[in-house]
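First the structure, in the form of structure tokens, and then the observations on it.
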Amino acid sequence: MIHPWKTLARRVLLRRPPWFEIGEEDVRLPDGRIVENFTWISTRDFAIVVPVTDDDRTILIRSYKHGVRAISRSFPAGYLEANEEPLAAAKRELREEAGWDADDWVPLGRFVVDGNYGSGAMHAYLATGARKVAEPESGDLEEMELECVPWGDAVASLRRGEVQQLASAAALGLACLARAAMSERTARSG
């Protein structure tokens, strides 16, 4: 049987609100051993959207991401504001970053970015019936180009390494699984 660790002490080493905190904990393992200075990282939860149009296209954002030091393709995403529900954040980010809205929203799950250190949680969504409703107004620092590409091209861009951020890669994979399950249900019922 697997047992949780017990936190004995917790210290914040670096705090940069609202973005992150880094700290250490002293923990007791289930076998009684004590581990001192076990690092933890706390970042904000975020929502990410994989939008799909009625003609089987998706929106990718092409921009420079300083963390990977490269121009990368990604899906609309952003941090949850205080007391904001993940779905509301996903809808807001799709509107702000792409100027799009969608008819149907399928939750793809909540996943912690790094199981050892904590970090923020990703809340992923598949948004179908996506369509442009306004001009983007992200307010982000980076320059962005919106690309409306066929679904297969988005998947191929992941294989070519053009999607370099884990959240977008994972969201695309989860969306592929969800779409396959939807197709199976449709085939069985039809």
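The first residue in the sequence is number 1, and the count goes up from there.
Classified by interplanar angle (parallel below 30°, tilted 30° to 60°, perpendicular above 60°), the ring pair Tyr117/Phe38 is parallel.
Take Arg179 and apply the salt bridge (charged side-chain N to carboxylate O under 4.0 Å, His left out) test, not counting sequence neighbours, and it matches Asp56. With sequence neighbours left out, Asp31 forms a salt bridge (charged side-chain N to carboxylate O under 4.0 Å, His left out) with Arg33.
Taking all atoms of both residues into account, the shortest heavy-atom contact from Gln165 to Ser74 is NE2-CB, 3.4 Å. For Ala127 against Ala130, the heavy-atom pair with the smallest separation is O-CB, 4.2 Å. In this structure, Gln164 and Ala70 approach most closely via the heavy-atom pair OE1-CB, 3.3 Å. Across every non-hydrogen atom of Pro76 and Ile59, the tightest pair is CD-O, 4.1 Å. Contact between Ala98 and Pro136 at its shortest, heavy atoms only, is O-CG, 3.7 Å. A pairwise comparison of heavy atoms in Trp100 and Val133 identifies C-CG2, 4.0 Å as the closest pair.
Between the CD1 atom of Ile48 and the CZ atom of Phe111 there is a distance of 12.0 Å, given to the nearest 0.5 Å. To the nearest 0.5 angstrom, Glu145 atom CD is 11.5 Å from Ile61 atom CD1. Here the CD1-CH2 distance, from Ile34 to Trp5, works out to 11.5 Å after rounding to the nearest 0.5 Å. We find the OG-CD distance between Ser168 and Glu162 to be 13.0 Å, quoted to the nearest 0.5 Å. Here OG1 of Thr58 is found 7.5 Å from CG of Leu172. Values are rounded to the nearest 0.5 Å. Interatomic distance, CZ of Arg57 versus SG of Cys148, reported as 4.5 Å (0.5 Å rounding).
In this structure, Leu14 is a member of the same hydrophobic cluster as Trp19, with clusters built from ILVMFWY side-chain heavy atoms closer than 4.5 Å. Transitive grouping of hydrophobic side chains (ILVMFWY, heavy atoms separated by less than 4.5 Å) keeps Leu80 and Val113 in distinct clusters. A single hydrophobic cluster is not seen to contain both Val106 and Leu87; linkage of ILVMFWY side chains at heavy-atom distances under 4.5 Å, directly or through other members, places them apart. Both Phe75 and Val155 belong to a single network of hydrophobic side chains, linked directly or stepwise wherever heavy atoms of I, L, V, M, F, W or Y lie under 4.5 Å apart. Cluster annotation: Val50 is connected to Met182 through the hydrophobic network of ILVMFWY side chains, with a link wherever side-chain heavy atoms come within less than 4.5 Å.
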Practice problem: Test side chain to side chain contact (heavy atoms under 4.5 Å, CB included) on Glu81 and Arg44 and set out the steps. | Solution: CA-CA 9 Å; Glu81 300 297 335; Arg44 293 165 60 188; 3.9 Å; yes
Exercise. List the steps, then state whether side chain to side chain contact (heavy atoms under 4.5 Å, CB included) holds for Arg69 with Tyr64.
Key: CA-CA 7 Å; Arg69 307 290 198 277; Tyr64 173 79; 3.8 Å; yes
Quiz item: Would Trp151 and Thr53 satisfy side chain to side chain contact (heavy atoms under 4.5 Å, CB included), going step by step from the backbone distance to the final call?
Solution: CA-CA 9 Å; Trp151 180 259; Thr53 63; over 6 Å; no
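Annotation for Glu84: atom CD counts as buried by contact number, over 12 foreign heavy atoms lying within 6.0 Å. Heavy-atom contacts from other residues, nucleotides or ligands closer than 6.0 Å to CZ of Arg62 number 12 or fewer. Taking a 6.0 Å sphere around CZ of Arg160, one finds it holds more than 12 heavy atoms contributed by other residues, nucleotides or ligands.
A cation-pi arrangement is found for Arg10 relative to Trp40, the charged atom lying closer than 6.0 Å to the ring centre and inside a 45° cone about the ring normal.
Each salt bridge (charged side-chain N to carboxylate O under 4.0 Å, His left out) pair with one or both residues in residues 101-116, not counting sequence neighbours, appears once here: Arg95-Asp101, Asp103-Arg131.
One finds a salt bridge joining Glu147 and Arg73 here, because a Lys/Arg side-chain nitrogen approaches an Asp/Glu carboxylate oxygen to under 4.0 Å. By the 4.0 Å N-to-carboxylate-O rule, Lys132 lies close enough to Glu135 to be salt-bridged with it.
Using modelled atom types and a 3.5 Å distance limit, the side chains of His123 and Tyr125 yield no donor-acceptor pair.
Side-chain contact check for Glu137 versus Glu96: every heavy-atom pair is 4.5 Å or farther apart. The shortest side-chain heavy-atom distance between Ile41 and Thr43 falls under the 4.5 Å cut-off. Taking 4.5 Å as the limit, some side-chain heavy atom of Leu94 sits within range of a side-chain heavy atom of Pro51. You'll find the side chain of Leu8 stays beyond 4.5 Å of the side chain of Glu25, heavy atoms only.
The backbone N or O of Ala121 sits less than 3.5 Å from a side-chain atom of Asp45, completing a donor-acceptor pair.
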